[in-house]
Amino acid sequence: MKEVRESLGFVGLGIMGRGMARNLLEAGFPVRVWNRTRERMQPLVDAGAHHSGSPAELARDCDIVFTCVSDTPDVEEVVLGPDGIAEGAAAGSLLVEMSTISPRVTRRIAERLEERGVAMLDAPVSGGSEGAEKGTLSIMVGGEADSLERAMLALRAMGRQVTHVGPIGTGQTVKLVNQIVVVVNMLAAAEGLLFAQAAGAEPARALEAITGGAAGSWMLENRGPQVLARDWSPGFTVDLQQKDLRLALEAADELGVPLLGAGMVSQLYRTLQRAGLGAEGNHALVKALERLAGFEIRGA
Ligand code: NAP
């Protein structure tokens, strides 16, 4: 039996979106793309995607639209704003929102789309730029099971693990859980490497020794070597990391839950933003600790 593939659209071709859209193309889906900065569409067009003139135009031509832009107001703009996805999307189509944004606003956007007969999943991701490129993301999905089933083939082209975590908005909540664990993990990695250096152990050897043990983690394995090479190029920028911490801390305030580690890391990142380092990778957290300690971690 011939498999029927729905036509897909992808809005937002940044560090994450460009790899994700490319994986959809490579999985054989027809893909339309739109990006605010037009030049960024060209590599995808060269790889076989069609480009659209606006999110509304893209949505008119697609059954399922994926979005991966920066922050909550950006998603509101590309979905509900002038020339946005809601203007073009036909009843019966599906929006899969993959940015990291406010769970509350996610639910509001879903309500607005529902009035037009458009379904929505929130499906934020984890796994960094590497995961986006290799199609190995972890995708946490909120929404109705039938919508997830419809999007599953495409999500599997972008991610290794797709987990249905609950109703709409829950994907974003679980993503914030992920971010709390990521930043406290990075803090631990930075402290450990600083300590190694101070105590006279070669940081590169220490990293090699602990990566495969109980202290091992994705952050340590992927960002540890970057720290030692003093390569601050971003897989995920300090500014975007702060955006996610803000979302987590706001939600924790509403819930009355203490987030001690995440709150402290947010303050440390703030010192980097004040120093003009917001565009560096989130592993630059090390620099905030180095300033407190008064020495730098040496690489090899
Ligand atoms: P990025 O490289 O900064 O890309 C952001 C994308 O959003 C760009 O395509 C940008 O368009 C577009 N955009 C931003 N504001 C817009 C607006 N108002 N209207 C239209 N387009 C807009 O960011 P990223 O790293 O790909 O992250 C995208 C999302 O994924 C964020 O929510 C982030 O938290 C999440 N995420 C990132 C990572 C990671 O490791 N990078 C991991 C997991 C989740 P232009 O090209 O015109 O600027």
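As the structure lists them, so they are numbered: ligands from 1, and atoms in each ligand from 1. Because the structure is predicted, anything quoted here is derived from the model rather than measured.
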Lys/Arg N to Asp/Glu carboxylate O, [X] vs [Y], below 4.0 Å:
| X | Y | answer |
| --- | --- | --- |
| Glu202 | Arg298 | no |
| Arg230 | Glu290 | yes |
| Arg32 | Glu57 | no |
| Arg116 | Glu111 | no |

Side chain to side chain contact (heavy atoms under 4.5 Å, CB included), that's the test. Do Leu228 and Leu207 meet it? Break it down for me. CA-CA 9 Å; Leu228 296 184; Leu207 180 67; 3.7 Å; yes
Closer than 3.5 angstrom, by distance alone: can the side chain of Lys287 be matched with the main-chain N or O of Glu296 as a donor-acceptor pair?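 Not confirmed, Lys287 side chain does not pair with Glu296 backbone.
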Has Asp71 got a side-chain atom pairing as donor or acceptor with Pro73's backbone, closer than 3.5 angstrom?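 Not confirmed, Asp71 side chain does not pair with Pro73 backbone.
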Protein residue, atom and distance nearest to [atom], heavy-atom basis:
| atom | answer |
| --- | --- |
| atom 4 (O) of ligand 1 | Gly14 CA, 3.3 Å |
| atom 9 (O) of ligand 1 | Asn35 OD1, 2.7 Å |
| atom 29 (C) of ligand 1 | Val69 O, 3.0 Å |
| atom 30 (O) of ligand 1 | Cys68 SG, 3.5 Å |

Could you pull out, from Pro124, Gly235, Ser70, Gly127, the option with a heavy atom nearest to atom 14 (C) of ligand 1?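 Closest candidate by heavy-atom distance is Ser70.
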As a check for students: among Lys175, Met41, Arg36, identify the option with a heavy atom nearest to atom 48 (O) of ligand 1.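 Residue with the shortest heavy-atom distance to the ligand atom: Arg36.
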Checking side chain to side chain contact (heavy atoms under 4.5 Å, CB included) for the pair Val141/Asp122: CA distance, chi angles, key distance, verdict? CA-CA 6 Å; Val141 187; Asp122 57 318; 5.9 Å; no
Decide whether Val181 and Leu285 are clustered together by the hydrophobic rule: side chain heavy atoms of Ile, Leu, Val, Met, Phe, Trp, Tyr closer than 4.5 Å, transitively.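 As far as the 4.5 Å side-chain criterion goes, Leu285 and Val181 are not connected within one cluster.
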Counting each atom of ligand 1 from 1 as listed, which ones have a heavy atom of [X] under 4.0 Å away?
| X | value |
| --- | --- |
| Lys243 | 31 (C), 32 (O), 33 (C), 34 (O) |
| Asp74 | 15 (N), 16 (C), 17 (C), 18 (N) |
| Arg40 | 45 (P), 46 (O), 48 (O) |
| Ser99 | 32 (O) |
| Gly128 | 40 (O) |
| Ser129 | 40 (O) |
| Leu240 | 23 (O), 24 (P), 25 (O), 27 (O) |
| Thr37 | 45 (P), 46 (O), 47 (O), 48 (O) |

Compile the donor-acceptor pairs under 3.5 Å between side chains in residues 75-98 and protein atoms, sequence neighbours left out, one pair per line.
from	atom 1	to	atom 2	distance (Å)
Glu76	OE2	Arg108	NH2	2.9
Glu87	OE1	Asp83	N	3.3
Glu87	OE2	Asp83	N	3.1
Ser93	OG	Ala90	O	2.6
Glu97	OE1	Ser99	N	3.4
Glu97	OE2	Thr67	OG1	2.8
Glu97	OE2	Ser99	N	3.2
Glu97	OE2	Ser99	OG	2.5

Under-4.0 Å heavy-atom contact with ligand 1, by part of [X] that carries it:
| X | result |
| --- | --- |
| Asp71 | neither |
| Val78 | side chain |
| Met16 | both |
| Leu13 | backbone |

Could you give the distance from OG (Ser126) to CH2 (Trp218), rounded to the nearest 0.5 Å?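 Here the rounded value is 7.5 Å.
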Any N or O on [X] sitting closer than 3.5 Å to an N or O of ligand 1?
| X | value |
| --- | --- |
| Gly12 | no |
| Ile15 | yes |
| Ser126 | no |
| Val125 | no |
| Thr100 | yes |

Could you check whether His51 and Trp34 have their ring centres less than 6.0 Å apart?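 Between His51 and Trp34, which both carry aromatic rings, the centre distance is not below 6.0 Å.
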Before you tell me yes or no, could you show the steps for Gln172 and Ser102 under side chain to side chain contact (heavy atoms under 4.5 Å, CB included), namely the whole-Å CA-CA distance, both residues' side-chain angles and the distance that decides it to 0.1 Å? CA-CA 7 Å; Gln172 294 296 350; Ser102 152; over 6 Å; no
Distance-only polar pair, side chains of Thr237 and Asp239, donor-acceptor under 3.5 Å: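 There is no such pair between these side chains.
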